[in-house]
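Heads up: the structure comes next, in structure tokens.
Each ligand, and each atom within it, is numbered from 1 in the order the structure gives. This is a predicted model, so every value here is computed, not measured.
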Amino acid sequence: MQETKNGYKSGFISIIGRPNVGKSTFLNRVIGQKIAIMSDKPQTTRNKVQGVLTTDDSQMIFIDTPGIHKPKHKLGDFMLKVSKNTLREVDVIMFMVNAEQKLGKGDEFILEMLAGNPTPVFLVINKIDAIHPDELMGIIESYKERYDFAEIVPISALQGNNVENLLVTLAKYLPEGPQYYPADQVTDHPERFIISELIREKVLHLTREEIPHSIAVVIDKIRRDEENEDKIHVAATIIVERDSQKGIVIGKRGALLKEVGTRARKDIEMLLGSKVYLELWVKVQKDWRNKATHLRDFGFRD
Ligand code: GDP
Ligand code: MG
Ligand code: K
């Protein structure tokens, strides 16, 4: 940790909101690097991914929390607990909503969860590019009567509208503090997690609706290739719940898994700045979501 400069601000900002409101899109825009995984399927982001934005007068550490929703199984309970703990530790909460959607059950659930939390909450109304400007006032009113927001900021994470203004306003709410991270560091997550998310993203994209988001990817190995020094050997296992899903992920004569590997390898090479040899396995583990004892094995931690 570096010394505190006079007037320098730093702090932690948690991004919460229903699936697909644009949390990852926002993070990717702000940090400018593919660290949070975007997908058109809900709940692609399961663990928190931190992005660090460093400027001359502030450092913002963003936390992309797992999808907050009414838990349906033990993994859901676990995610919710992680998220709730996170919300108490941060300096600002960004509650992101989709301007195209009415305040729904998912938002109600989040608002109930926020009740009594002393952290300032920003209502960030995203996707304003997709609505008529006249609709904005009504949206603001519907949320305003439900919660005492510190700020209400409409943006388009996709097109960048008003994002700069949001960042300036966020900085005002941060305490004076040190630069926690070196200026060139954008994420403190182990590469292992990012790699597993990159592989999972490819599987979800290529299988469309056939494979649920509940699959897990475990990284078994990241090591310099002994025979070929300028290559990194990555071995990973894709974990599915049913034999039929294993068949889908592998595809006809292994075609789908091969395509997953090709696409994931390109991203991992970008991430690591090195040639990569990617070895993928598929394993069936029935009902893994409900086996809380297994959570640790998959890299989930309290
Ligand atoms: P998350 O689940 O909250 O992380 O949402 P994502 O960032 O994955 O975004 C979900 C979908 O919404 C993607 O298809 C994005 O391209 C889209 N999206 C995100 N932000 C905007 C926006 O400002 N405007 C529009 N029109 N679409 C957006
Ligand atoms: Mg996301
Ligand atoms: K998503």
Side-chain angles (χ1 to χ4, degrees), residues 13-51 53 62-70 75-76 79-80 82-83 86-87 90 92-111 113-114 121-133 135-136 139-140 143 152-167 170 186-187 189 193-194 196-209 211-215 267:
I13 299 158
S14 174
I15 308 178
I16 61 171
R18 289 159 69 181
N20 288 328
V21 295
K23 300 178 293 294
S24 302
T25 305
F26 170 80
L27 259 180
N28 285 326
R29 165 167 289 281
V30 167
I31 310 301
Q33 200 169 315
K34 197 167 185 181
I35 53 159
I37 308 302
M38 279 180 292
S39 156
D40 51 6
K41 280 175 207 277
Q43 289 170 38
T44 303
T45 316
R46 273 188 316 189
N47 291 39
K48 44 185 189 181
V49 175
Q50 292 185 334
L53 178 68
F62 289 98
I63 297 163
D64 186 11
T65 44
I68 294 166
H69 58 98
K70 273 209 170 70
L75 180 58
M79 283 161 55
L80 195 59
V82 170
S83 305
T86 305
L87 297 181
V90 296
V92 181
I93 296 167
M94 266 176 62
F95 172 35
M96 192 177 282
V97 299
N98 179 349
E100 295 173 300
Q101 292 175 325
K102 285 216 154 36
L103 197 157
K105 281 214 176 75
D107 302 302
E108 293 283 359
F109 184 69
I110 291 171
L111 289 169
M113 215 178 87
L114 288 174
V121 180
F122 278 38
L123 175 68
V124 177
I125 303 172
N126 188 33
K127 310 198 188 183
I128 52 165
D129 59 282
I131 61 158
H132 192 277
E135 295 173 60
L136 192 56
I139 298 167
I140 291 175
Y143 283 94
I152 297 178
V153 190
I155 65 164
S156 167
L158 197 64
Q159 300 188 349
N161 312 19
N162 214 29
V163 169
E164 193 53 43
N165 179 39
L166 171 58
L167 293 176
L170 280 171
V186 292
T187 172
H189 252 262
F193 169 65
I194 302 175
S196 76
E197 282 292 273
L198 287 170
I199 296 168
R200 212 163 68 87
E201 176 192 56
K202 303 300 177 280
V203 175
L204 292 181
H205 278 163
L206 285 167
T207 57
R208 310 309 309 172
E209 300 304 318
I211 296 294
H213 62 259
S214 57
I215 61 158
D267 278 3

Open item on the list: Would you say that Ile13 contacts Val90 through its side chain, given a criterion of any heavy-atom pair below 4.5 Å between the two side chains?
Closed with: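 Counting from C-beta outward, Ile13 and Val90 never come under 4.5 Å.
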- [ ] Answer yes or no: is there a side-chain heavy-atom contact under 4.5 Å between Ile140 and Ile125?
- [x]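 Result yes, sub-4.5 Å side-chain heavy-atom pair found.
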Could an N or O of ligand 1 be found under 3.5 Å from any N or O of [X], whether backbone or side chain?
X     : result
Asn20 : yes
Pro19 : no
Gly22 : yes

- [ ] Assess whether side-chain contact (heavy atoms from CB on, under 4.5 Å) is satisfied between Ile16 and Leu87, documenting all intermediate values.
- [x] CA-CA 9 Å; Ile16 61 171; Leu87 297 181; 3.8 Å; yes
- [ ] Would you mind telling me if ligand 1 is within reach of the side chain of Val21, the backbone, both or neither, using heavy atoms under 4.0 Å?
- [x]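 Both of them.
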- [ ] Go through the structure and list residues passing side-chain contact (heavy atoms from CB on, under 4.5 Å) with Gln159, not counting sequence neighbours.
- [x]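 By the side-chain contact (heavy atoms from CB on, under 4.5 Å) rule, Gln159 matches Asp129, Ser156, Asn161.
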- [ ] Would you check whether Ala157 reaches within less than 4.0 Å of ligand 1, judged by its heavy atoms?
- [x]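 Distance cut 4.0 Å: Ala157 passes for ligand 1.
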TODO: For Asp129, counting its heavy atoms only, list the atoms of ligand 1 lying under 4.0 Å from any of them.
DONE: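 Those atoms are 22 (C), 23 (O), 24 (N), 25 (C), 26 (N).
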Task: Set of salt bridge (Lys or Arg N to Asp or Glu O under 4.0 Å) partners for Glu108, sequence neighbours left out - done: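 Applying salt bridge (Lys or Arg N to Asp or Glu O under 4.0 Å) to Glu108 gives Arg146.
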